[in-house]
Structure formats: structure tokens, C-alpha cells
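Below is one structure, written out as C-alpha cells; comments come after it.
Within every chain, numbering begins at 1; the chains are lettered A, B, ... in the order of the sequence lines, protein sequences first and strands thereafter.
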2 protein chains.
Amino acid sequence: MAAELDKIDFQILKILQENGRITNLQLSNEIGLSPAPTLERVRKLENAEYIKSYHALVDEEKLGLGIKTFIQISLDFHQKNTIQTFLDEIKHIKEVTECHHVTGQCDFLLKVYVRDIKSYEQLIMEKISRITVVKTFQTMMIMSTSKKEPIVPLEY
Amino acid sequence: MAAELDKIDFQILKILQENGRITNLQLSNEIGLSPAPTLERVRKLENAEYIKSYHALVDEEKLGLGIKTFIQISLDFHQKNTIQTFLDEIKHIKEVTECHHVTGQCDFLLKVYVRDIKSYEQLIMEKISRITVVKTFQTMMIMSTSKKEPIVPLEY
DNA sequence: ACTGAAATTAGATCGCA
DNA sequence: TGCGATCTAATTTCAGT
């Protein structure tokens, strides 16, 4: 199954990362193949899960999500199953869209979206600070984002 | 132009966030309208830029990007145009996929993808640490990610 | 605004090079 | 593997409600 990817496959991935709704016809023109083998390659990439899924990118601010933050979290490892307990709690908080286990001064880094400061305080008070295994946390409020590509640097 | 969005518009946004390649026909079934007005609503959301773009989500690990990190950066504000100088440098580093201006102990938070540790050292040595306005930086290496949705919590 | 049908275009399959 | 033709299915348009 996992035959290596060639240059054309990487081209396809690059293009689909940037435009997930390009038509197969357009795509085939850009890579210089005819539609049939192009589609076959795309399906192969999907089936082998080099492409995991497709998503619309929405404008969070226009949709009322005015507050975006990262939260750095340190856990209290004196309890049982500290990490699993933490992950189980985080999983259910819909405002948390990313949760990364990291090295450094903190244990986890979360990405959070909420409507306004009031909702943020509520999230902190009623959800984050109530997780028993959380020892300390610190908010990094995002003031602006100058680069945000749902795109990963690919090179053949 | 900016007539308020109704419940159906939010349903559409939610569905397209999770499946950016759903057919208009399927979408119309899920929201309970016929294809014609469904397509009209999607176009309206695209034109008003509630939907900014569509993207394929790829499997970075399978594609050879084994190292993912966040870098916290503090700037030296004794220089001229510190922030603009920094942003101009960062813009050209393709390994940096996100750059957020944040509050807290550091000034900027970057997301970085590279192939391996060797490439990471190279990035740090030859690019990040050579930016004159960078005072200090600290790496948070991502060990695992338990939640990562290219999806924002929407509520009508 | 939504419906339903008609017209256009894209997607999917298959035999052949 | 890739191509070209063919069939199938989705997108798009439009007159009617």
C-alpha cells in the first residue's frame, strides 16, 4: 500500500492544503496530468490518510468569538493518574480547541476561543480552575495574529 | 449586505467546518432545505467572508514533519520599530506557521514545524537567534496533541 | 425565500496505450 | 501509470409560488 509518494503527490498535497475545494479539473491542469489519474492520486492520498480531512476556515471574529488565548498549565503530579484525569476533563470543554503536551516550564498548552472577557472569566472560574490536578495556569491573551496558515511546510 | 445570520447559516458553518468537502446535496439534506437555497446561503457566507477558505488537513508526521514546537519570544524594545522588524523577519520563515502577539511573560508565540531535531537546531541557530530584536526565546516541544480541531466552537 | 425541474459541469469508471 | 471516452451524479440556473 504505502508506496512512496512522488513529486506530483507532494504538489497535490500542497495545492489541496491551500485550496481544499479546487475542482479535480483545475487540479489536473495545475499538476499537468489529465483528470482521471489526478483523481486516482487524490483518492490514494485520502485512503492512505496522507490527507486526513477537509475543513472550511471561518472568520471567528465575525462570528462573535472575540477572545482567543493560549493557556499554559502545570499539573500536580502528587495525585493518581494526573495526566489522564486532566485529559478527560479537557476533552469535554468545547472552548478548548487544542491541547498539546509540551516540554518546558509548563506541562500543557491549550488554545481557547470564547465570545468575550466575561465568558473567559467563567471558563477559568467554572472549568479550568476546578480541575483538581491543575496546579497553576497562566493566560496568554492573543492580541493579534500576523501569520496563521492551516498549512504545513511541505517539500519533496 | 450584512444581514444577520440565522440558525440555518450557523448550522451550515458548523457542518462545513467539520467537512469542507460535503456535497451541496448532502448539506441540503442535513439542514432540511433543497439544494438551490442551500447553495445560495453557502455562496453568501463565502462572499461575506464568514467562510474565509477551504483546506485539506494533512498528516504532518506521515509527511516527514516529526518535530512540532511552540516558541515563546521576548523582544528587545530598545531598538527602533522592534515589532515591525520582528514581523518582517518571521514572515519569511516558512517553518513558522503561526505567529501570535500575546500578553503575559513573553511577547510572541510561534508555532513551528520541522523535519527533525537537526533541522530544528538549524532553524534556531540560523534564523530565530539571528533576528536582532529577539531578546530571549524558549522552546516548548510538543510531545503529543490530544485535541486539535481546525474548528471553532459555534453557537447560535 | 424556497421549490422543482432543466441545463451545465464535474466526478467516476473502464478499456486501451 | 496515464489517457480519452462514456456514464453517472452534482452543481447551477431559472421560472413559478
Side-chain angles (χ1 to χ4, degrees), chain A residues 1-59 61-64 150-152 154-156, chain B residues 1-65 150-152 154-156:
Chain A
M1 184 198 81
E4 247 3 287
L5 302 186
D6 64 12
K7 191 170 183 176
I8 296 176
D9 293 318
F10 270 84
Q11 272 185 274
I12 291 174
L13 290 169
K14 233 170 162 170
I15 293 168
L16 288 177
Q17 270 200 120
E18 300 192 24
N19 181 1
R21 270 205 143 169
I22 191 173
T23 66
N24 187 59
L25 199 68
Q26 280 178 269
L27 181 60
S28 67
N29 287 334
E30 294 199 24
I31 63 173
L33 285 181
S34 65
T38 302
L39 189 64
E40 199 183 354
R41 278 168 179 268
V42 171
R43 293 289 171 261
K44 191 191 71 188
L45 292 168
E46 289 169 352
N47 293 334
E49 292 190 307
Y50 289 101
I51 296 170
K52 294 196 283 191
S53 47
Y54 295 89
H55 305 274
L57 183 68
V58 305
D59 190 317
E61 308 218 342
K62 278 192 184 153
L63 292 166
I151 287 170
V152 131
L154 295 181
E155 212 106 33
Y156 178 58
Chain B
M1 184 198 82
E4 247 2 289
L5 301 187
D6 65 12
K7 192 172 181 172
I8 297 176
D9 292 318
F10 270 83
Q11 272 184 273
I12 291 174
L13 289 170
K14 233 170 161 169
I15 294 168
L16 287 177
Q17 269 201 117
E18 299 192 25
N19 181 0
R21 269 207 144 166
I22 191 173
T23 67
N24 188 60
L25 198 66
Q26 280 180 270
L27 181 61
S28 68
N29 287 334
E30 293 198 25
I31 63 173
L33 286 180
S34 64
T38 303
L39 189 64
E40 200 182 353
R41 278 167 179 270
V42 171
R43 293 287 173 262
K44 191 191 70 187
L45 291 168
E46 289 169 352
N47 293 333
E49 293 190 305
Y50 288 101
I51 296 170
K52 294 196 282 190
S53 47
Y54 297 89
H55 304 274
L57 183 68
V58 304
D59 189 319
E60 318 98 21
E61 308 220 342
K62 278 192 184 153
L63 292 166
L65 293 164
I151 286 171
V152 132
L154 294 181
E155 212 105 34
Y156 178 56

* Integer-rounded Å distance: C:dA12 C1' and A:L25 CG -> 14 Å
* To do: Take atom CD1 of B:I22 and atom P of D:dA9, then tell me their distance rounded to the nearest Å.
  => 18 Å
* Picking from D:dC14, D:dT12, C:dC2, which would you name as closest to the side chain of B:A36? -> D:dC14
* Structure fact -> Contacts of A:D6 and B:Q26 projected onto DNA chain D by closest heavy atom; the upstream (5') one is A:D6
* Please state how far atom CG in A:L33 lies from atom C1' in D:dG2, giving the value in whole angstrom units. => 7 Å
* Could you check if a side-chain atom of B:V58 sits within less than 4.5 angstrom of a side-chain atom of A:L45, using non-hydrogen atoms only? => no
* Name the nucleic acid region contacted by A:L39, choosing base, sugar-phosphate or nothing; use a 4.0 angstrom heavy-atom cut-off, strictly under. => base
* Structure fact -> A:N24 atom CG is separated from C:dA10 atom C1', nearest whole Å, by 8 Å
* Do B:V42 and B:L16 have side chains that get closer than 4.5 Å, going by heavy atoms? -> yes
* **Exercise: identify the closest heavy-atom pair between B:P35 and B:N24** => O-ND2, 3.0 Å
* Asked: So what does B:R21 hit on the nucleic acid, given a heavy-atom distance under 4.0 Å: a base, only sugar-phosphate, or nothing?
  -> nothing
* Do A:K14 and A:I31 have side-chain heavy atoms sitting under 4.5 Å apart? -> no
* To do: Treating a pair as Watson-Crick (purine N1 to pyrimidine N3 plus N6-O4 or O6-N4) or G-U wobble (N1-O2 and O6-N3) with both distances under 3.5 Å, list the stems of 3 or more consecutive pairs that involve DNA chain C.
  => C:1-10 with D:8-17, C:12-17 with D:1-6
* Whole-Å distance between C:dT3 C1' and B:R41 CZ? -> 14 Å
* To do: Return the value, rounded to whole Å, for the distance between atom CD1 of A:I12 and atom C1' of D:dT1.
  => 13 Å
* Structure fact -> Closest heavy-atom pair, B:H55 versus A:Q17, reported as atoms and distance to 0.1 Å, is ND1-O, 2.6 Å
* Return the nearest nucleotide to the side chain of B:S34; candidates are D:dG2, D:dT11, C:dT3. => C:dT3
* To do: Rounded off to whole Å, could you give me the CD-to-C1' distance for the B:E40 and D:dA15 pair?
  => 14 Å
* To do: Measure the distance from CD on B:E4 to P on C:dA1 and round it to the nearest whole Å.
  => 12 Å
* Given side chains that start at C-beta, do those of A:E46 and A:Y54 come closer than 4.5 Å, heavy atoms only? -> yes
* With A:E30, which residues qualify under side-chain hydrogen bond (donor to acceptor under 3.5 Å, both in side chains), at least two apart? -> none
* Within the pair A:R43 and C:dG11, is there a side-chain N or O less than 4.0 Å away from OP1 or OP2? -> no
